[in-house]
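Taking it in order: structure first as structure tokens, then the write-up.
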Amino acid sequence: MASLLCPTPSTLKHNSRSAYFSPLKLASRTNFCFFTNRFKRNTARCNAFFGNVEEVLVENTLHLDQFPVFQYGFLQFQRATGELSEMQKWGFLVFAGLTWVYLTARPGVLVGAIDAYLLAPLQLGLDSLSGKRNLKTSDFVIGRKLGEGSFGIVYAGAVVPKNVAVKKEVQKRGRRNELEFDGRVKEKVILKKVKVGIQGAEEFGEFEEWFNYRLSRAAPETCAEFLGSFVADQTNSQFTKGGKWLVWKFEGDRDLADYMKDRSFPLNLESVMFGRVLQGVDSVERDALIIKQIMRQIVTSLKKIHDTGIVHRDVKPANLVVTKRGQIKLIDFGAATDLRIGKNYVPNRGLLDPDFCPPELYVLPEKTPNPPPEPIAAFLSPILWQLNSPDLFDMYSAGIVLMQMAIPTLRSTAGLKNFNLEIRKVGYDLNKWRDYTRLRPDFTILDLDSGRGWDLATKLISERGFLRRGRMSAAAALRHPYFLLGGDQAAAVLSKLSFTRK
């Protein structure tokens with residue numbers, strides 16, 4: 001509670017150390033004194049009070065005497081504001097406070113500047129010393145092909161130990177999976193070959209490399225550990241001279257889409273997500289628990305990358321790798337955009353998957369101009385985010401992933417395309433779609449626990465409303481009752497007493 005009495009010089013003298021040790025008391029009395037000074041013009045009391053505040057802040061509250069650098073800065077502040085009136089001091093503090101709020105608001109002008117001008121050069125220097133920026137063809141052996149996209153091909157691979165010519169042996173024998181049988185190869189990796197001669201592929205690879213380095217500093221837990229890149233220095237059956245390769249630490253070779261193709265999904269992820277098989281839980285509730293755990297990780301990762309100003313723009317099961325430790329990590333950042341500085345953003349253009357993209361199609365309104373130079377774009381980015389909420393682009397895609405996991409008929413390509421045709425006809429209103437659809441979906445999982453899952457889905461899969469709102473952000477989604485402790489989660493907690501290994 002704020003004090004109702006303005007301190008007098010006498011009370012300050014007797015209680016300078018005990019009464020003002022609490023920051024709450026300090027703030028409340030300071031505020032009250034400011035208002036009495038404004039209306040009663042009683043400057044003597046406030047001057048006496050401010051003098052004691054500075055002393056108490058230095059000696060008792062902030063303990064700046066233990067930090068010479070901060071103490072020096074505080075003294076310089078005192079000298080700079082010494083000749084200002086009390087009203088001017090308050091104006092200065094309010095301006096400084098608002099500036100701080102603006103610079104730290106999403107997507108983080110201040111943090112972004114620290115990253116760009118301090119952390120990025122530091123990472124470059126450390127990587128160069130450790131050799132991460134000097135990778136070459138002979139450092140890796142290529143294994144089986146894992147997948148292929150428009151601009152790249154993904155392979156399993158391994159790091160060739162020093163003084164071991166594994167790569168030459170593999171090429172000579174012609175055995176693509178030789179690395180799996182060679183005991184000398186310990187460190188597995190995932191390699192992505194950027195296609196040569198495909199329009200936009202080289203640019204796509206450059207952006208993906210940039211975003212992986214950026215997230216390795218800002219949110220490393222959201223994506224696979226990026227090891228670097230190299231350009232092939234020779235041409236053979238695996239490498240094309242001049243072709244670029246991106247390298248990640250091996251954390252899993254199966255994505256969420258791979259698991260969803262199995263009829264046993266989501267139970268085929270039970271031991272992966274929880275480390276064990278749940279006992280004493282109804283089969284439907286077990287499915288709901290697994291899906292909820294996956295969804296929680298997806299939304300958490302999206303929140304972290306959105307906080308840095310990055311929008312993925314291609315969230316789908318095929319771009320969510322499942323690690324052996326049950327972690328869901330985002331991959332494939334070639335279509336991502338950093339809207340703090342305008343990286344990889346061009347109005348009216350964007351790579352997207354029509355099965356997962358939201359109805360607005362573009363992450364920002366089509367009339368948005370080309371981004372200005374990066375320093376200017378970064379300074380204006382909080383306004384851009386406040387007006388347009390570009391992060392909500394990814395949240396629609398996350399809602400589609402939730403629907404696919406919970407409703408088996410939507411996991412097939414045909415089922416998802418029919419869903420998109422139907423949802424478009426009803427104006428992206430899931431409740432109307434539920435009454436309209438002819439797909440005969442099973443809503444059992446989403447209807448559990450008073451329909452919390454369905455309610456979350458309706459708040460993610462929707463059109464943008466007034467002021468481009470109307471869709472739940474990642475931060476708001478994590479506060480949704482769907483992720484709170486419900487009956488199914490309570491059963492899972494109790495079942496831990498009777499876990500059995502699979």
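Bear in mind the structure is a predicted one, so any value in this text is a computation, not a measurement.
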Inset, instruction - For the pair H312 (side chain) and I331 (backbone), establish whether a donor and an acceptor sit closer than 3.5 Å, ignoring hydrogens and angles. - result: yes

Legend entry - Carboxylate-amine/guanidinium contact K192 D332, below 4.0 Å: yes

Inset, instruction - Decide whether a cation-pi geometry holds between R434 and W454; the criteria are a distance under 6.0 Å from NZ or CZ to the six-membered ring centre and an angle within 45° of the ring axis. - result: yes

Legend entry - K343 to W210 six-membered ring, cation-pi geometry met (6.0 Å, 45°): yes

Legend entry - Any donor-acceptor pair under 3.5 Å from N388 side chain to L364 backbone: no

Legend entry - R133 (side chain) donor-acceptor with D127 (main chain) under 3.5 angstrom: no

Legend entry - Flag, side chain of N344 to backbone of G334, donor-acceptor distance under 3.5 Å: yes

Legend entry - Exam field: side chain S130 to backbone L126, donor-acceptor pair closer than 3.5 Å: yes

Inset, instruction - Look only at the side chain of S128 and the backbone of L124, and say whether a donor-acceptor pair between them is shorter than 3.5 Å. - result: yes

Legend entry - Test of ring centre spacing under 6.0 Å for F230 and F140: yes

Inset, instruction - Answer whether the closest heavy-atom distance between the side chains of I407 and L446 falls below 4.5 Å. - result: yes

Legend entry - Exam field: side chain K292 to backbone Y482, donor-acceptor pair closer than 3.5 Å: yes

Inset, instruction - Output yes when a side-chain donor or acceptor of D262 lies under 3.5 Å from a complementary backbone atom of D258, and no otherwise. - result: no

Inset, instruction - Please tell me if the side chains of V160 and D139 come closer than 4.5 Å, counting only heavy atoms from C-beta onward. - result: no

Inset, instruction - Decide yes or no for P354 and N420: does some side-chain heavy atom of the first lie under 4.5 Å from some side-chain heavy atom of the second? - result: no

Legend entry - Parallel, tilted or perpendicular, as decided by the 30° and 60° cut-offs, for the rings of F379 and Y102: tilted

Inset, instruction - In plain terms, say whether K136 and D233 are close enough for a salt bridge, that is, a side-chain N and a carboxylate O under 4.0 Å apart. - result: no

Inset, instruction - Decide, yes or no, whether a salt bridge links R340 with E374 under the criterion of side-chain N to carboxylate O below 4.0 Å. - result: no

Legend entry - R254 to Y259 six-membered ring, cation-pi geometry met (6.0 Å, 45°): yes

Inset, instruction - Would you kindly say whether D391 and S473 are connected by a side-chain donor-acceptor distance under 3.5 Å? - result: no

Inset, instruction - Could you tell me whether the side chains of E221 and T300 share a donor-acceptor contact shorter than 3.5 Å? - result: no

Inset, instruction - For residues V247 and V159, determine if any side-chain heavy atom of one lies less than 4.5 Å from a side-chain heavy atom of the other. - result: no

Inset, instruction - Quick one: sort the Y428 and Y396 rings into parallel, tilted or perpendicular, breaks at 30° and 60°. - result: perpendicular

Legend entry - NZ/NE/NH1/NH2 to OD/OE distance under 4.0 Å, D307 and K304: no

Legend entry - Salt bridge flag under 4.0 Å for residues D394 and R313: no

Legend entry - Donor-acceptor pair, side chain of S397 and main chain of K316, under 3.5 angstrom: no

Legend entry - Pair R471 + E463, salt bridge at N-O below 4.0 Å: no

Legend entry - Under-4.0 Å salt bridge between K244 and E209: yes

Inset, instruction - Indicate, with yes or no, if the rings of Y155 and W245 have centres closer together than 6.0 Å. - result: yes

Legend entry - Sub-4.5 Å side-chain heavy-atom contact between L456 and L402: yes

Legend entry - Carboxylate-amine/guanidinium contact D455 R452, below 4.0 Å: no

Inset, instruction - For the pair Q234 (side chain) and K241 (backbone), establish whether a donor and an acceptor sit closer than 3.5 Å, ignoring hydrogens and angles. - result: no

Legend entry - Student check: side-chain heavy atoms of Q297 and K329 closer than 4.5 Å: no

Inset, instruction - Verify the ring-centre separation between F207 and F333: is it less than 6.0 angstrom? - result: no

